[in-house]
Novice: 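For reference, the structure I am asking about is given below.
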2 protein chains.
Amino acid sequence: MAAEPEPRPLDFLSFVDHAISHTAGALPQADLDAMRLVLTLHRVTNALVYDLESSVHRPRGLSWPGFRVLFVLWHAGPAEAKRVAELSGMSRAAVSALVNTLERDGLVSRRQADHDRRAVRLSLTPAGNDAIIGTFEAHNRREQAWAGTLTDDERGRLVELLEKLMEGADLVAAKRRV
Amino acid sequence: MAAEPEPRPLDFLSFVDHAISHTAGALPQADLDAMRLVLTLHRVTNALVYDLESSVHRPRGLSWPGFRVLFVLWHAGPAEAKRVAELSGMSRAAVSALVNTLERDGLVSRRQADHDRRAVRLSLTPAGNDAIIGTFEAHNRREQAWAGTLTDDERGRLVELLEKLMEGADLVAAKRRV
DNA sequence: GCCGAATAATAAAACCTTTGATTAAATCTG
DNA sequence: CAGATTTAATCAAAGGTTTTATTATTCGGC
């Protein structure tokens, strides 16, 4: 049980440490390093996405998921919904729902695919193209501000470690979206 | 414009590289290292959270956000809604809505705070306590599988780099939830 | 060529999140 | 101490996600 009396009020910064030491007392068999890694990774990504979405995307009338779809269509060119889902890491149902909004806003257009009448071909409208380019420029400046707190070398090592973690996902047979 | 013809079908793994080289052609002034860092960070975290939620939390009747609230209450003890929001990194409105579900499911209870009649004190019910402990054990085993693809040293360095990135958020005046 | 199985997209229901009111209680200020 | 301001929580509207079920097509084996 090990109820820890907090000597000083816990804040967001110290909560990870607190949670880990509390867990050490309550569940001695827990893997604390793994716990710290996942907590920290989630916390950083969360803060980063919130900052980007609220300072870059929403002021321009886009959501973060909407930005991701435009981003994929910008780089991959016109593509089927299924492919956009794969490349963006969203489910097909999520893409379908999201494209309703993007189509209504005139940023993306739907068209029946030529070779398969079940499939839908998505493409950027001219307005969508302008939107993604303008938004990406602001997005990238913000990314630069975040990334700039690390040295070149640190950025490179961080990316390498993250890629290794991502490759490990296959080894542990992580569940992925259908 | 630099329309890149794809020599072979793009997949999720190669999309980051493709997006970066396409951006290099389309927007020469872009910071590609920052772009790669953010794309990779988001991609890994997304995959990790999806795997944890779909393999650990949903089968036990919890959502990922629900798990986070129980996790905070488990470690911090009974606390006001405002505090749970701060410690979990959610907005107060999100906590309020989420607790409706958790309360309905009998995992969390609401009570008016003693010192301030505006405030609500949240605490785990006995069922909530059982739920968080059982779920956390499975959650931690899954974390261990993911983290296990890195060496001890790599895990340590990854956490350090993530913490440095998180500290940088203050320097760049990142927006945070109210 | 035809019929059962697989596949693409969408719909439906349940949940969660965000921003911007609204309500009620506490606190500050003159 | 009264009035204005701030603060805690919740509500409301709009959007996004998930899983499961449906519909329309295409594919595969005989």
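Protein chains get the first letters and strands the later ones, always in sequence-line order, with residue 1 at the start of each.
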Novice: Applying side chain to side chain donor-acceptor pair (under 3.5 Å), can you list everything that pairs with A:R110, at least two apart in sequence or on another chain?
Specialist: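 A:R110: side chain to side chain donor-acceptor pair (under 3.5 Å) contacts with A:N100, A:E103.
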
Novice: Over 60° means perpendicular and under 30° means parallel, so tell me whether B:F67 and B:F136 are parallel, tilted or perpendicular.
Specialist: parallel

Novice: With nearest nucleotides of DNA chain C determined for B:G89 and A:V95 from heavy-atom distances, which residue corresponds to the more 5′ nucleotide?
Specialist: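 Result: A:V95.
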
Novice: Please determine if a side-chain N or O atom of B:S91 lies less than 4.0 Å away from the OP1 or OP2 oxygen of C:dT18.
Specialist: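 Indeed, a polar side-chain atom of B:S91 lies that close.
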
Novice: Starting the side chain at C-beta, find the nucleotide from C:dT17, D:dT17, D:dA8 nearest to A:M90.
Specialist: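 Within the option list, the nearest is D:dT17.
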
Novice: For B:T125, check side chain to side chain donor-acceptor pair (under 3.5 Å) against everything at least two apart and list the hits.
Specialist: none

Novice: Whole angstroms only, please: what is the CZ-C1' distance between B:R121 and D:dA9?
Specialist: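 Atom CZ in B:R121 sits about 16 Å away from atom C1' in D:dA9.
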
Novice: The criterion is side chain to side chain donor-acceptor pair (under 3.5 Å); which residues satisfy it with B:R142, sequence neighbours excluded?
Specialist: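 Checked B:R142 against side chain to side chain donor-acceptor pair (under 3.5 Å); matches are B:D51.
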
Novice: Considering the options A:D152, A:T151, A:D153, which one meets the side chain to side chain donor-acceptor pair (under 3.5 Å) requirement together with A:R155?
Specialist: A:D152

Novice: Pull out every residue in residues 45-68 of chain B that has a heavy atom closer than 4.0 Å to any atom of DNA chain D, ordered by number, or say none.
Specialist: B:Y50, B:R58

Novice: Please give, in whole Å, the distance from C:dT19 P to B:R177 CZ?
Specialist: 8 Å

Novice: I'd like a table of atom pairs between the protein and nucleotides 21-23 of chain D - only N or O on both sides, under 3.5 Å - with the distance next to each one.
Specialist:
none

Novice: Determine whether the side chains of B:N140 and B:E143 contain a donor N or O and an acceptor N or O closer than 3.5 Å.
Specialist: yes

Novice: Is the closest side-chain donor-acceptor distance between B:E80 and B:H115 under 3.5 Å?
Specialist: yes

Novice: Hey, does A:A93 reach any base, or is it just sugar-phosphate, or nothing, if we go heavy atoms under 4.0 Å?
Specialist: base

Novice: Send over the distance from B:H115 NE2 to D:dT7 P, rounded to a whole Å.
Specialist: 15 Å

Novice: Between B:E137 and B:R141, is there a side-chain N and carboxylate O pair less than 4.0 Å apart?
Specialist: no

Novice: Pull out every residue in residues 100-110 of chain A that has a heavy atom closer than 4.0 Å to any atom of DNA chain D, ordered by number, or say none.
Specialist: A:T101, A:R104

Novice: Nearest-Å distance, CG (A:L98) to P (C:dA11)?
Specialist: 14 Å

Novice: List in chain and number order the residues that pass side chain to side chain donor-acceptor pair (under 3.5 Å) with A:S96, two or more places apart in sequence or in another chain; answer none if no residue qualifies.
Specialist: none

Novice: Please work out which of the three classes, parallel, tilted or perpendicular, describes the rings of B:H22 and B:H18, given edges at 30° and 60°.
Specialist: parallel

Novice: Taking salt bridge (charged side-chain N to carboxylate O under 4.0 Å, His left out) as the cut-off, I'd like each qualifying pair that reaches into residues 111-125 of chain A, sequence neighbours left out, listed once.
Specialist: A:R111-A:D114, A:D116-A:R118

Novice: CZ of B:R92 versus P of C:dT17: gap in Å, rounded?
Specialist: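 One finds 16 Å between P of C:dT17 and CZ of B:R92, rounded.
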
Novice: Need the bend value for the helix from C:dG1-D:dC30 to C:dG30-D:dC1: angle between end axes, 5 pairs each end, nearest 10°.
Specialist: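 End-to-end axis angle: 30°.
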
Novice: Show which side-chain atoms of residues 160-178 of chain B pair as donor or acceptor with protein atoms under 3.5 Å away, not counting sequence neighbours.
Specialist:
residue: B:K164; atom: NZ; partner: A:E154; partner atom: OE1; Å: 2.9
residue: B:K164; atom: NZ; partner: A:E154; partner atom: OE2; Å: 3.1
residue: B:R177; atom: NH1; partner: B:G89; partner atom: O; Å: 3.4

Novice: Rounded to whole angstroms, how far apart are NZ on B:K82 and P on C:dA26?
Specialist: 16 Å

Novice: Can you tell me if B:T149 uses its side chain to pair, donor with acceptor, with the backbone of B:W146 under 3.5 Å?
Specialist: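 Side chain of B:T149 to backbone of B:W146: a pair is present.
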
Novice: Give each protein N/O atom lying under 3.5 Å from an N/O atom of nucleotides 22-25 of chain C, with the pair distance.
Specialist:
residue: C:dA25; atom: N3; partner: B:R118; partner atom: NH1; Å: 3.4

Novice: Can you find a heavy atom in the side chain of B:V49 that is under 4.5 Å from one in the side chain of A:T45?
Specialist: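 B:V49 vs A:T45: side chains apart.
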
Novice: According to ring pair (Phe, Tyr, Trp, His ring centres under 6.0 Å), who are the partners of A:H42, at least two apart in sequence or on a separate chain?
Specialist: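 For A:H42 the ring pair (Phe, Tyr, Trp, His ring centres under 6.0 Å) partners, ignoring immediate neighbours, are B:W64.
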
